[in-house]
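This report refers to the structure that appears directly beneath it.
Every chain is numbered from 1, with letters handed out A, B, ... down the list of sequences.
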Amino acid sequence: MELTKNFEPTAIEAKWYKHWIDKGYFNSTPDEREPYTIVIPPPNVTGVLHMGHCLNNTIQDILIRRARMEGKNACWVPGTDHASIATEAKVVAMLRERGIKKSDLSRAEFLTYAWEWKEKYGGIILQQLKKLGCSLDWNRTAFTMDDDYYKAVIEIFIRLFNDGIIYRGLRMVNWDPASKTALSDEEVIFKEIDSKLYFVQYPLVDGGGAITVATTRPETILGDVAICVNPLDERYKNLVGKQVIVPIINRKIPVIADEYVTMDFGTGALKITPAHDKNDNELGRKHNLKALNTLDAEGKFTAEELMHENPNAQVLAYNGIDRFELRKLIVKDIEAIGQVQKIEEYKGQVGTSERTGAIIESRLSLQWFMDMKKFIALNPEVISSVATDEIKLHPAKLKNTYSHWMNNIKDWCISRQLWWGQQIPAWYDEEGRFVVAENEEKAKEIFNSQYSTSNVQLKQDEDCLDTWFSSWLWPMEVFKGISNSNNADANYYYPSTTLVTGQDIIFFWVARMIMAGYAFKKEMPFKDVYFTGMVRDTQGRKMSKQLGNSPDLLGLIDKYGADATRFGIMIASPAGNDLLFDESSLEQGRHFNNKLWNALKLIKNWELRIRNEEDTNLQSQLTTHHFALDWFENRLNEVQLEVDELIKQFKLSEALKVIYSLIWDDFCSWYLEWAKPGFEQPIEASVYEKTIKFFEELMQLLHPFMPFVTEEIYQLLKEQKEDLCIRQSIGNKQIAIDKNILTQGTILKQVITSIREARAKNQLKPKETIDLHIQTIDVENYKAIETILSKQVNAQTISFTNEAIANTIVVVVENDKFYIASEKEIDTASLKETLLKDLEHQRGFLVSVQKKLSNEKFVANAKPEVLAVEQKKQADAEARIKTIEESLSTM
RNA sequence: GGGAGUUUAGCUCAGUUGGUUUAGAGCAUCUGCCUUACAAGCAGAGGGUCACAGGUUCGACUCCUGUAACUCCCACCA
């Protein structure tokens, strides 16, 4: 069979993915096996695959493929999230392009467009996951707006309302003027921006001066209802209780005192605008002040609430002006009347919308909330499960973050002024009285009995629920655990095994899933949470469209192949740390593909020896190979155990490194070189079989990380009964490891390397042969590996000696000496230098060991095994020094 | 302002309850090789007073304290 020069991924990847799908390997149904369940963090239905998804899903695929090979019933559920704000924004933008305004559409019409859009673009990201090789059970693809899912969300809302946990209230909320909706606290991102601090004078009504206030938001001045100072502030003590005049609108407002105000910030006087600031609002309520709203839903000025004051023309002229424009205008107008004392540069924190980036307004608004303190009190496992590691977070440092958030939790604003999402199941009559019910009919029934009415006309709440109020049910509802509780799937797969997600959504999603799990299923939603870091560029910057540093993932897969992409992203992704993405690691992955491919080519070119008992070569070949086979088998077992352990600890990057090195160094560089037959010589059948077996096991070990190339090679190695994808590993069977043979292997490698080094230093070309004389007390040991040794250092003869050989290069390994004889002139000077350097090092080392051993306190306090190790170190060093000195003396 | 974390080779990271030959790997660098699986390769090499300063200990990369730098989370001092 002719194999291509290099591994060519594209066609091979498509072939195997289709084959696996056709065979239904990724589909799972409950059976008697132990389940291993992962639910995908549902990407936004509008999304396309980016590096974060790539990292995240590669990790999930590694875990799920490994579980599948370990004989577990592996189930990885795909799906998408309806992402109300993001999707609605995209639909609105699409409509705008078609010349349609959202405000001209009815809710039903708008939703028709939205679904149309979802059907058209919604599947893209899932298709992209297939390219990456993700072994998801596509039959289970879920969407947070599926009918059943929708019903489940509504059911939960009603349940929590009836339990008194969900309530409706007029509160200050975070308002996003771009999407015109309220947001939860978690959706507000604080950013530092350069702004200005304006010092504005408010003249006293009685005359006799003014009080100066420092503000960053002069555009809200027209809504001011008081000036507040600290009661201890000597500067203002005599002004408390007096009245000042608000510029432009000329409203008379009182000067009040409250400890809230810090004396040493600004002027120590704070203007109170209860309609536009959370703290002002609280102060306003405390001091019985009216809230005067001057900004509308889009953040534009409105004089509506000022009309009873008969505002002047100047005020009315502000109508409809955007808040930032308004700021400049008002400052200009106050400057015109000479009441701006000064303007300072100021760095301030400002809240922005996580989705739209718009600067958040605090706004008084009637919204739906969840009483989180009450909710958690009813489900205390939410906090204890993480604290006691019943649910394990990786990395564990996030436990602190989690518990801190939980213990300081605030009420969750769950209503959004959007249409794309689960519509709030509250029904109102004309007076604003309401009931909560799953449909209109039920609502009327409840309403009539609650308010003793009949024939009432009810209207459903216009708003929909926060997307996270649906995605927090994900691990249970993908198995219909709410809409059809107690079904076979939910009982079998829930709780899921592992969740893999980004640290950035620990509060948005992970914490809330844990709440939902204990509240609605009385059980944790998952046992382990593996948090990935952020994907950044080589300079540590976040990936962003603006910076243009976000690579095109599908382009990378086309260029390097999915396996190399997976390798590249995993090898550079230390557990719990951010991943600094560098394309060169994908290149390393591609090289690794080719390395595997070439090893396959080597083996496929071997010709089997026809067995002939009289063949004397055969016997010698067998003896030689015996060591290589034995050594590699043990090495393989050792690494298998090591990888097991690493994966249990979610150290996937480490595991991959270990496998990489096992294949590249131990298998290719050492084992294959030792086992391969001489030029144009056939190979002994038993060695061939064993090598194939090793290669198969290596492919199995690597398969979860690089599924395509390993499956391809596995199939090409020999006629296979089953596919690698579902090949079962030996499992937990205790593998005994012969430490002795591993040590021997290490020494052999050391001998080879040292002799090669000596050759290189003496300018012996690889082709030039040497005669090797070994001085050792373990002649038998070396006889067993004689052939390997001679091949690896290009020695034409190997002999054993009891004394130094003149005119040779001396190499010392452990306590053995190797004399390299060649026709070339020997550079004794450099040889001597090498030996002296080694001698110096050994002596230094010996001194440090002796120092330790002559320390009475050490001998008295150290554990016996530590003492023994030190004594052995001393003996070894002494022996080595003696050997080196002997060598030097013969020169 | 509060809390957490990080600091080990040019870069990215390992380093298990303090003692495994006076610290390891990959990438990068340098040297020599087109050796019949692989130059996308092979064989070698160089490179670190483990951020800094103290302390505990017979012994510290490892434990404690302080300092510095960076990162993240929480918190709307206008």
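When the P atom of B/A14 is taken as reference, atom CD1 of A/I659 falls 18 Å away, rounded to whole Å. The interatomic distance linking A/E856 (CD) with B/C58 (P) rounds to 12 Å, in whole Å. For the pair A/E654 CD and B/C13 C1', the interatomic distance rounds to 8 Å; values are reported in whole Å. What separates CG of A/L672 from C1' of B/U35 is a distance of 16 Å, to the nearest Å. With rounding to whole Å, A/K399 atom NZ is found 20 Å from B/G3 atom P. Note: CD (A/E587) to C1' (B/A39) measures 14 Å, nearest angstrom. Rounding to whole angstrom units, CD of residue A/Q850 and P of B/G59 are separated by 18 Å.
One finds no side-chain N or O of A/K542 lying less than 4.0 angstrom from the OP1 or OP2 phosphate oxygen of B/U71. OP1 or OP2 of B/G41 lies within a sub-4.0 Å distance of a side-chain N or O belonging to A/H591. Regarding contacts with the backbone of B/A37, a side-chain N or O of A/K676 is found under 4.0 angstrom from either OP1 or OP2.
Across all strands shown, A/K651 has heavy atoms under 4.0 Å from sugar-phosphate atoms exclusively, and none from any base. Within the nucleic acid shown, A/N855 comes within 4.0 Å of sugar-phosphate atoms alone, with no base atom in reach, counting heavy atoms only. In this structure, A/W664 reaches the sugar-phosphate backbone alone: every heavy-atom distance under 4.0 Å involves primed, P, OP1 or OP2 atoms, never a base. Residue A/E673 is classed as a base contact, given a heavy-atom separation below 4.0 Å to a base. The residue A/F592 sits apart from the nucleic acid: no heavy atom pair falls under 4.0 Å. Residue A/G844 is in base contact, counting any heavy-atom pair closer than 4.0 Å across all strands shown. Here A/D582 lies out of heavy-atom contact (under 4.0 Å) with every strand. In this structure, A/Y346 reaches the sugar-phosphate backbone alone: every heavy-atom distance under 4.0 Å involves primed, P, OP1 or OP2 atoms, never a base. If you check every strand for non-hydrogen atoms under 4.0 Å, A/S661 touches nothing. Nucleic acid contact for A/V261: base, since at least one base atom lies under 4.0 Å from a heavy atom of the residue. In this structure, A/E814 reaches the bases: a heavy-atom distance under 4.0 Å links it to at least one base atom across the strands shown. Among the protein residues, A/Q349 comes within range of the nucleic acid bases, having at least one heavy atom under 4.0 Å from a base atom. Within 4.0 Å of A/K873, counting heavy atoms only, lie sugar-phosphate atoms of the nucleic acid but no base atom.
Minimum atom distance to the side chain of A/T216 is reached by B/A78, of the listed B/U35, B/A78, B/G32. Nearest to the side-chain atoms of A/Q588 among the listed nucleotides B/G19, B/G26, B/C33 stands B/G26. Among the nucleotides B/C58, B/C73, B/A37, the one closest to the side chain of A/K595 is B/A37. Among the nucleotides B/A14, B/A39, B/A75, the one closest to any side-chain atom of A/K410 is B/A75. Ranking B/G41, B/C58, B/C13 by closeness to the A/K857 side chain, first place goes to B/C58. Among the nucleotides B/A40, B/A14, B/U22, the one closest to any side-chain atom of A/H841 is B/U22. Which of B/C74, B/A40, B/A37 sits closest to the side chain of A/H404 comes down to B/C74.
Contact annotation: the side chain of A/I330 approaches that of A/L222 to within less than 4.5 Å [non-hydrogen atoms, C-beta and beyond]. Taking 4.5 Å as the limit, every side-chain heavy atom of A/L662 sits out of range of all side-chain heavy atoms of A/Y671. No side-chain heavy atom of A/I770 sits under 4.5 Å from any side-chain heavy atom of A/I809.
Side-chain atoms of A/T262 never come within 3.5 Å of backbone atoms of A/D264 as a donor-acceptor pair (strictly under, hydrogens ignored). Panel note: side chain A/N861, backbone A/K857; a donor-acceptor pair is recorded below 3.5 Å.
Remark: B/A43 base-pairs with B/U31. Criterion, Watson-Crick or G-U wobble with two distances under 3.5 Å. Searching all strands for a Watson-Crick or G-U wobble partner of B/C72 with both distances below 3.5 Å returns B/G3.
Between A/K347 and the options A/I193, A/L197, A/D194, a side-chain contact (heavy atoms from CB on, under 4.5 Å) holds for only A/D194.
Mapping A/K657 and A/R880 onto RNA chain B by nearest heavy atom places A/K657 closer to the 5' end of the strand. Each of A/C668 and A/L580 has a nearest nucleotide on RNA chain B; the 5'-most of these lies closest to A/L580.
Taking the C1' atoms as reference points, B/C70 lies 25 Å from B/G24, given to the whole Å. Nucleotides B/A60 and B/U17 place their C1' atoms 14 Å apart, quoted to the nearest Å. Taking atom C1' in both B/U35 and B/C30, one finds a spacing of 22 Å when rounded to whole Å. Taking the P atom of each, B/C61 and B/U49 are spaced 14 Å apart, rounded to whole Å. Taking atom C1' on both nucleotides, B/A28 is separated from B/U12 by 11 Å, rounded to a whole Å. The same atom, P, is picked in B/A23 and in B/G10; the two are 16 Å apart, to the nearest Å. A gap of 41 Å separates the P atoms of B/C74 and B/U29, to the nearest Å. Distance noted for atom C1' between B/A25 and B/G48: 14 Å (whole Å).
In this model, no side-chain donor or acceptor of A/N598 finds a partner on the base of B/A37 within 3.5 Å. Judged by distance alone, with hydrogens and angles left aside, A/T401 brings no side-chain donor or acceptor close enough to the base of B/C73 to form a pair under 3.5 Å. One donor-acceptor pair, N or O on each side, does fall under 3.5 Å between the base of B/A78 and the side chain of A/T262.
Near RNA chain B, meaning a heavy atom under 4.0 Å from it, residues 753-761 of chain A has A/T753, A/R756, A/E757 in order of number.
Using a cut-off of 4.0 Å between Lys/Arg side-chain N and Asp/Glu carboxylate O, A/R843 and A/E840 are scored as not salt-bridged. Ion pairing of A/E757 with A/K761 is present here, as a side-chain N (NZ or NE/NH1/NH2) and a carboxylate O approach within less than 4.0 Å.
Ring geometry, A/F507 versus A/W405: the interplanar angle falls under 30°, so the pair is classed parallel (tilted spans 30 to 60°). The aromatic rings of A/F567 and A/Y660 sit tilted, their planes meeting at an angle between 30° and 60°.
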- Starting from the C-alpha separation in whole Å, work towards a yes-or-no answer on side-chain hydrogen bond (donor to acceptor under 3.5 Å, both in side chains) for A/E870 and A/Q874. CA-CA 6 Å; A/E870 293 301 320; A/Q874 183 181 19; over 6 Å; no
